[in-house]
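These values consider heavy atoms only, across backbone and side chains, with no hydrogens, waters or symmetry-generated copies. Counting starts at 1 for both ligands and their atoms, following the listed order.
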Amino acid sequence: MSSVNYRREGDIAILIVDNPPVNALSMAVRVALLDLIEKTDTDPEVKGVVLIGAGKTFVAGADIREFGKKLEGPSGRAPYEAIEASKRPVIAALHGTALGGGLELALTAHYRVALPSTRIGLPEALVGVLPGAGGTQRLPRLVGVEIALDLITNGKHIDAKNALQHGVVDELVDGTDFDALLRGALAFARNVVAEKLPLKRVRDLNEKVTGIDSAVFAKYREANAKKWKGLLAPWKIVDCIEAACTKPWDQAYAFEERSFNECKDSPQRAALSYIFFAEREAAKIAGISPEVKAQPVKSVAIVGAGTMGGGIAMAFANNGIPVKQLEASPEALERGRGIIKQNYDTSVARGSMSQSKADEAMSRISGTLSYEEIGACDMVIEAVFEEMSIKKEVFGKLDKVMKPGAILATNTSTLDIDQIASATQRPEAVVGTHFFSPANVMKLLECVRGGKSSAQTLATAMGLAKQISKVAVLAGNCDGFIGNRILGAYGRQADFLLEEGATPWQVDEALKAFGLPMGIYLMRDMAGLDIGWRVRKYREQFRDKSLRHSLVADRICEQGRYGQKTGAGYYKYDGRNATPDPAIEQLIVEASRELGIERKPISDQEIVNRIIIAMVNEGARIVGEGYAARAADIDVTYVYGYGFPRYEGGLSGSG
Ligand code: 3H9
């Protein structure tokens, strides 16, 4: 079967790209499209062509899996050029997602129609390339330079209504499915033929790319320099759009091709494409039948209205799911609601959320003091104090009130899920859902598989991630799961570096220069040092005394320095502003002396190497012990939970 099907309805030829699951423009599709365009061009009975995607979507882009491969056959651009040069009017019919090379294909057609639910965009930058088939040249000709810069460098999608307003789409077709779209596209094509409408070529529309001040590009680069640090594609996209405004078509189009190839052949592209597929792999649960489907969560209860509980509530409310927050006192509820309100106010003030969206989200969150009142929710997430006895008490109560089939989840970041589940009569319904702080912002949802968690419970917990716009990873029930266990190895190595000659600020700066959003000591100060201290005191009894052990963290806490909240930790603070503190350097030097370690200068490179290698080793242990199904899950955890640079491909790429 060909990957592009051909049929005729009267004098209109219909080309249906059929390459499931997303109709990606693979080599096979390119070959078939070229053949068929030649056929429609030379067949005297064909007067017009409709180009459409089979199933639920138009073409969602080039086939990313082909990027690293050497393939024999027509160039990536050949079908685009053939469509644009076609003697018959080509009408692209869009539904689902017309993305990347898919949208570029539509932009070479002479007209475009779409279902209202269609989303379009050029998200190539997110997988490390840029639109390589004229997207940086044609889109600005329709939407203008400023919008094109924003859409392409950020890989944003827009909806069909927006696309219509900007002239990216010529007409919306009423309906919701393939059949309605095809009917609408055929009617449109017949009209083009009957009215002898011209073959419109986007490349000939020069008005929006003429007379653009070069300062527009300079300003845009400057405004985004911090965000694009370490990245290749966004910079090159700006160069290409600038070329569209300053060079004749042929030169600018050739420049885009060279820039695309530079990105495609870079290690960064390989890393970003790897993360794209790793994220999708991570969502798959090893060892359960694909028949087990996630149940949609339509209502959720959160036990605990503290920082984590509030952030989790916002994550659900922002995605349209009603939330009941359960607390022990009206004051605690009120305090929690106040923090949520403040967070929404900040988002509105920053312009990242509209007032009406914030109000809508806030109205989805209600409070209660009664366990009975949350019993009908599809899922409950416990986010109370990190202590086993308290968690067990909560789960005992939840077991009594939650309806049969409800998911009982804990947001613990360290405790044993099986012990928590043992407080219930239904351990099969218990699972870990570890959110990362701030829970309404961080994309990772680390689900934790208890010894008795059922396949249905796991599928629903993992499926939940998509509902609340997060990325799921499944961890086994080991100490620290995936994320915090590796963070432990990272922290241990960093502490050893301090005792050997580094300072907290040197370590933090070196890690930031490497690409992490924040170094470990600033991060610890922000989270509060007392929590880790309490855990260390509890674990002292189990500690293997034959292994190296750093003194610094405890010494800092012994001085009552618990981080930002006490105005001093590894750094001293003026509000949120951290400055290096000579007293801490002194404390570290004394610890080195006490341990008999001779301090010496340590290079930034050594800091990064030792920390990354320690993390990679711990990750390998986790996979080896079966607590993660695959190495890719470790990478996804670090990219989405800890801000590890995507363009490094997670730990696998950096180690
Ligand atoms: C490009 O176009 C360059 C051009 O400019 C160059 C021209 C010369 N390739 O995400 P899902 C697979 S660069 C190969 O779970 P959803 C995916 O791995 C490309 N495979 O579904 C998964 O496989 P599996 C620009 C792809 O409904 C399955 O499809 N385009 C591709 O949540 C389902 O995916 C993009 O960057 C691909 N391009 O979301 C778009 N896309 O089932 C990237 C998907 O084995 N794609 N797969 O795990 C997406 O954003 C989402 O997949 C999409 C569907 C929104 C389309």
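Residue contact check for ligand 1: K466 places a non-hydrogen atom closer than 4.0 Å to it. Within the structure, the closest approach of K284 to ligand 1 falls below 4.0 Å when heavy atoms are considered.
Considering backbone and side-chain N/O of E124, one or more are found under 3.5 Å from N/O of ligand 1. Ligand 1 has no N or O atom lying under 3.5 Å from any N or O atom of L99, backbone or side chain. Between F67 and ligand 1, a contact under 3.5 Å exists for no N or O pair. Taking only nitrogen or oxygen atoms, main chain and side chain alike, V127 does not reach within less than 3.5 Å of ligand 1. Distances between N or O atoms of E281 and those of ligand 1 include no value under 3.5 Å. Among the atoms of A24, none of the N or O lies under 3.5 angstrom from an N or O of ligand 1.
Protein heavy atom in closest approach to atom 4 (C) of ligand 1: E104 OE1, 3.4 Å. Here the heavy atom of the protein found nearest to atom 25 (C) of ligand 1 is G100 CA, 3.8 Å. Regarding atom 51 (C) of ligand 1, its nearest protein heavy-atom neighbour is R280 NH2, 3.9 Å. At the shortest separation from atom 46 (N) of ligand 1 among protein heavy atoms lies F276 CZ, 3.5 Å. Given atom 38 (N) of ligand 1, the protein heavy atom at minimum distance is A62 O, 2.9 Å. What sits closest to atom 14 (C) of ligand 1 on the protein, heavy atoms only, is D63 OD1, 3.3 Å. In terms of protein heavy atoms, atom 23 (O) of ligand 1 is closest to R65 NH2, 4.2 Å. Closest to atom 36 (O) of ligand 1 among all protein heavy atoms lies P123 CG, 3.7 Å.
A centroid separation of 6.0 Å or more is found between the aromatic rings of Y220 and W235. Residues Y627 and F481 place their aromatic rings such that the two centres sit no closer than 6.0 Å.
A salt bridge links R364 with E360: the closest approach of a Lys/Arg side-chain nitrogen to an acidic carboxylate oxygen falls below 4.0 angstrom. Salt-bridge annotation for E84 and R77: absent, with no side-chain N of the basic residue lying under 4.0 Å from a carboxylate O of the acidic one.
Residue-level proximity to ligand 1 for P21 is carried by the side chain, the only part with a heavy atom below 4.0 angstrom.
For the pairing with F436, the ring pair (Phe, Tyr, Trp, His ring centres under 6.0 Å) check across Y642, Y638, Y640 returns one residue only, Y642. Partner of C263 under the side chain to side chain contact (heavy atoms under 4.5 Å, CB included) criterion, out of L272, I237, L231, V129: V129 alone.
There is a side-chain donor-acceptor pair under 3.5 Å between S469 and N319. Using modelled atom types and a 3.5 Å distance limit, the side chains of S3 and N19 yield no donor-acceptor pair.
With F67 as the aromatic partner, R269 does not meet the cation-pi criteria of under 6.0 angstrom to the ring centre and within 45 degrees of the ring axis. Remark: R221 fails to qualify as a cation-pi partner of F217 under the 6.0 Å distance and 45° angle criteria applied to the six-membered ring.
Atom numbering of ligand 1 starts at 1 in the shown order; those under 4.0 Å from a heavy atom of P131 are 5 (O). Every atom of ligand 1 is numbered from 1 in the order shown, and the set under 4.0 Å from a heavy atom of G101 is 1 (C), 2 (O), 4 (C), 5 (O). Shown in contact with G61 at under 4.0 Å from a heavy atom are these atoms of ligand 1, numbered in order with element: 2 (O), 30 (N). Close contacts between ligand 1 and F260 involve ligand atoms 6 (C) [criterion: under 4.0 Å to a heavy atom]. Atom numbering of ligand 1 starts at 1 in the shown order; those under 4.0 Å from a heavy atom of F277 are 18 (O), 20 (N). Atoms of ligand 1 found under 4.0 Å from any heavy atom of T97 (numbered from 1 in listed order, with element): 56 (C). Atoms of ligand 1 found under 4.0 Å from any heavy atom of A60 (numbered from 1 in listed order, with element): 30 (N), 35 (C), 40 (C), 56 (C).
For atom 11 (P) of ligand 1, the nearest protein heavy atom lies under 4.0 Å away.
For the atom pair OH of Y80 and CG of L25, the computed distance is 4.5 Å after rounding to the nearest 0.5 Å. Interatomic distance, D35 CG to S2 OG, rounded to the nearest 0.5 Å: 8.5 Å. Between the CZ atom of R112 and the CG atom of D170 there is a distance of 5.5 Å, given to the nearest 0.5 Å. Within the model, atoms CG of N23 and NZ of K56 stand 12.0 Å from one another, a figure rounded to the nearest 0.5 Å. With values rounded to the nearest 0.5 angstrom, T108 atom OG1 is found 6.0 Å from R138 atom CZ.
When the heavy-atom distances from atom 47 (N) of ligand 1 to V22, T136, N19 are ranked, the shortest goes to V22.
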